[in-house]
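On a predicted model such as this, the values are computed, not experimentally measured, just so you know. All ligand and atom numbering here is 1-based and tracks the order in the structure.
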Amino acid sequence: MLDFPTTLSAVVKPAPALSREEREREIERAGYNPFKIDARTVSVDFLSDSGTGALSTAQRAAAEQADESYACSSSWYRFEESVRDLVPYRHVFPVHQGRAAERVLFSSLLSPGQISISNTHFDTTRANVEIAGGRALDLPCPASSDLDSEFPFKGDIDLGALERTLSGPEGSKVGIVLMTITNNGLGGQPVSLANMTSAAEIARRHGVPFWLDAARFAENAWLITRREPGYSHWDPRDVARREFALADGCMISLKKDGLGHAGGLLAMRDDALAERCKALVIAGEGFVTYGGISGRDLEVVAQGLREVTDPQHLAGRESAAALLAELSHQAGVSTVRPSGMHAIYLNAGRLLTHLTPAEFPGHALACELYRRGGIRAAELGSLYLGELDDDLRLREPAPFELIRLAIPRRSYDETHLRFVGSVLDDIAKEPEQVPGYRLTEAPPLLRHFDCRLTPLPN
Ligand SMILES: *Cc1c(COP(=O)(O)O)cnc(C)c1O
């Protein structure tokens with residue numbers, strides 16, 4: 001007998017279902033860029049799991065009791081209490097989203113020329129290290145570069161490389177060791193508690209603060225209970241507390257495991273650092289008890305942080321990702337292994353072998369998913385990460401041609417996932433029908449958000 005799923009839909013919205021001709025017109029208008037496609041034409045939106053989930057009835061009820069007082073509102077106290085149930089740090093600052101926490105932290109902690117070491121910096125995290133004058137150094141574990149390896153903790157940091165860097169000639173320049181859980185830049189792979197414990201110990205021995213970028217702390221905790229020896233009987237909430245207890249502080253985008261539509265937080269043990277952060281929060285975000293978000297949003301994420309460690313919620317996330325991966329394999333499309341929780345990553349390079357990296361196979365597959373099924377997803381390949389020459393031709397390809405199908409929380413059910421599987425099946429029957437693309441316009445910075453492309457004749 002199956003477990004009963006334990007949630008029922010309380011509010012529903014219609015999903016657009018356009019004709020293929022209507023979508024062809026829309027994607028052409030959008031310059032073949034998923035970020036410019038009108039969401040009213042998207043049937044299944046897998047562009048991001050950030051701020052895109054459905055609220056629970058308890059979150060909507062909490063929002064009704066919001067207190068919009070400027071300072072020390074009752075919503076702030078409820079937010080603080082909910083955060084403190086997870087993190088053991090003295091200082092807690094709400095901010096408007098995760099990247100605001102990054103800006104405040106790195107401006108307060110790093111001096112120009114200092115190095116931030118991570119298992120992998122998320123893209124905004126890297127940008128904020130660099131804006132603060134620092135250098136971002138990624139030390140992912142070796143297993144992470146093999147997309148097919150079933151190693152259970154491919155999000156781990158390379159402990160040997162961490163020790164060597166900290167003991168080496170540049171060791172004195174390292175200002176922070178930052179562990180991203182789960183490792184979003186590397187396929188959403190989890191980090192083991194054993195790896196976090198050792199990394200924290202190495203950092204501490206060298207006198208360097210150890211922090212967490214914990215946007216998906218609950219999904220990471222769940223995968224620890226599923227994959228790490230010794231934790232299978234643990235409550236994921238206790239694993240999450242253990243994660244935070246290892247660190248000197250954390251940044252959390254509350255648009256992921258906060259189950260919110262806005263918000264982030266910054267929390268830490270160090271009093272002097274907190275004083276410096278406080279000034280930047282007030283100057284850039286808002287007074288320290290609201291940090292740029294409304295009382296309503298404080299209530300929503302306070303309740304979200306209570307709900308997110310529910311084993312039923314986390315088990316449902318894991319099985320949704322596993323089902324989507326299984327459906328992809330059945331269609332003949334390989335995915336980055338093992339599948340994580342927030343997204344699956346399709347290996348477009350392996351499917352569209354008739355396209356060279358310069359024809360952007362990941363992007364080609366993303367466009368095809370929209371044309372055939374109204375499914376929106378983002379490329380993670382040479383369009384996003386490759387190097388271009390002045391004529392917008394690819395000079396240096398990315399190591400892999402992937403696309404990410406990010407699964408919004410509590411929004412799609414098995415029927416939607418099976419529909420996506422059937423569209424993939426349709427594409428994979430005749431992959432050579434999928435055209436490549438050429439860039440026609442690209443801004444110098446963050447080009448994937450604003451570029452335009454055109455399909456190549458097949
Ligand atoms: C989303 C994310 C961020 C940035 O958070 P925003 O709320 O989008 O600003 C930082 N780090 C990681 C790992 C993330 O996934």
Side-chain angles (χ1 to χ4, degrees), residues 35 46-53 83 93-107 109 116-132 134 136 138 140 144 154-157 176-191 196 211-221 223 240 243-244 247 249-267 280-281 284-286 291-294 297-298 300-301 304-305 308 317 321 340-345 378 380 384 404-409 446 448-449:
F35 288 95
F46 282 165
L47 192 60
S48 178
D49 67 321
S50 179
T52 53
V83 174
F93 300 106
V95 292
H96 83 275
Q97 64 181 77
R99 63 201 69 186
E102 294 164 357
R103 189 181 51 81
V104 169
L105 177 69
F106 297 132
S107 315
L109 182 72
S116 168
I117 298 182
S118 179
N119 49 343
T120 306
H121 293 84
F122 179 66
D123 51 12
T124 60
T125 321
R126 170 176 291 272
N128 278 301
V129 167
E130 289 169 1
I131 288 168
D138 291 338
S144 66
K154 283 158 94 173
D156 282 358
I157 199 166
I176 185 171
V177 174
L178 179 67
M179 194 73 98
T180 310
I181 62 171
T182 55
N183 193 341
N184 190 10
L186 269 186
Q189 299 287 338
V191 179
M196 261 181 266
W211 278 64
L212 298 180
D213 180 0
R216 297 180 185 78
F217 69 89
E219 296 183 356
N220 199 83
L223 291 174
E243 292 169 346
F244 290 118
C250 70
M251 301 183 279
I252 306 182
S253 164
L254 293 167
K255 300 172 69 170
K256 287 83 170 225
D257 279 349
L259 303 181
H261 297 152
L265 71 86
L266 179 64
L280 287 173
V281 170
E285 294 292 296
I293 55 174
S294 64
D297 287 312
L298 289 171
V300 165
V301 296
L305 288 173
V308 73
R317 294 277 293 157
M341 304 263 292
H342 80 288
I344 66 156
Y345 295 72
L380 281 178
Y384 175 44
R404 182 180 86 161
L405 307 185
I407 309 172
R409 290 169 181 75
L446 298 172
H448 56 293
F449 290 127

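Any N or O atom pair closer than 3.5 Å counts here, and Lys256 shares at least one such pair with ligand 1. Considering backbone and side-chain N/O atoms, Thr182 never comes within less than 3.5 Å of an N/O atom of ligand 1. Taking distance alone, with nitrogen or oxygen atoms compared against 3.5 Å, Thr180 stays at or beyond that limit from ligand 1. Note: no N/O pair closer than 3.5 Å links Ala215 and ligand 1 by distance alone. Where the criterion is an N or O separation shorter than 3.5 Å, residue side chain and backbone included, Asn184 meets it with respect to ligand 1.
For the residue pair His342 and Asn184, a side-chain donor N or O sits within less than 3.5 Å of a side-chain acceptor on the partner. Using modelled atom types, one finds a donor on one side chain and an acceptor on the other under 3.5 Å when comparing Glu102 with Thr124. Using modelled atom types and a 3.5 Å distance limit, the side chains of Asp297 and His261 yield no donor-acceptor pair.
The backbone N or O of Thr180 sits less than 3.5 Å from a side-chain atom of Asn119, completing a donor-acceptor pair.
Asp213 OD2, 2.8 Å is the protein heavy atom nearest to atom 11 (N) of ligand 1. Here the protein heavy atom with the shortest distance to atom 7 (O) of ligand 1 is Ser253 OG, 2.6 Å.
Listed by atom number, the atoms of ligand 1 under 4.0 Å from Thr124 heavy atoms are 4 (C). Residue contact check: Lys255 has heavy atoms under 4.0 Å from atoms 7 (O) of ligand 1. For ligand 1, the atoms sitting less than 4.0 Å from at least one non-hydrogen atom of Arg216 are 15 (O), numbered in the order shown with element in parentheses. Close approach of ligand 1 to Gly98 (heavy-atom distance below 4.0 Å) involves ligand atoms 5 (O), 6 (P), 7 (O), 9 (O).
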Trace of the salt bridge (charged side-chain N to carboxylate O under 4.0 Å, His left out) decision for Asp49 with Lys255: CA-CA 8 Å; Asp49 67 321; Lys255 300 172 69 170; over 6 Å; no
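Relative ring orientation between His448 and Phe35 is described as perpendicular, the plane-to-plane angle rising above 60° on a 0-90° scale split at 30° and 60°.
Put simply, CZ on Arg317 and CD1 on Ile407 are 6.0 Å apart, with the number rounded to the nearest 0.5 Å. Rounding to the nearest 0.5 angstrom, the gap separating the CG atom in Leu265 from the NE2 atom in His96 is 13.5 Å.
Looking at Arg99, Glu102, Met251 and measuring to atom 9 (O) of ligand 1, the nearest heavy atom belongs to Arg99.
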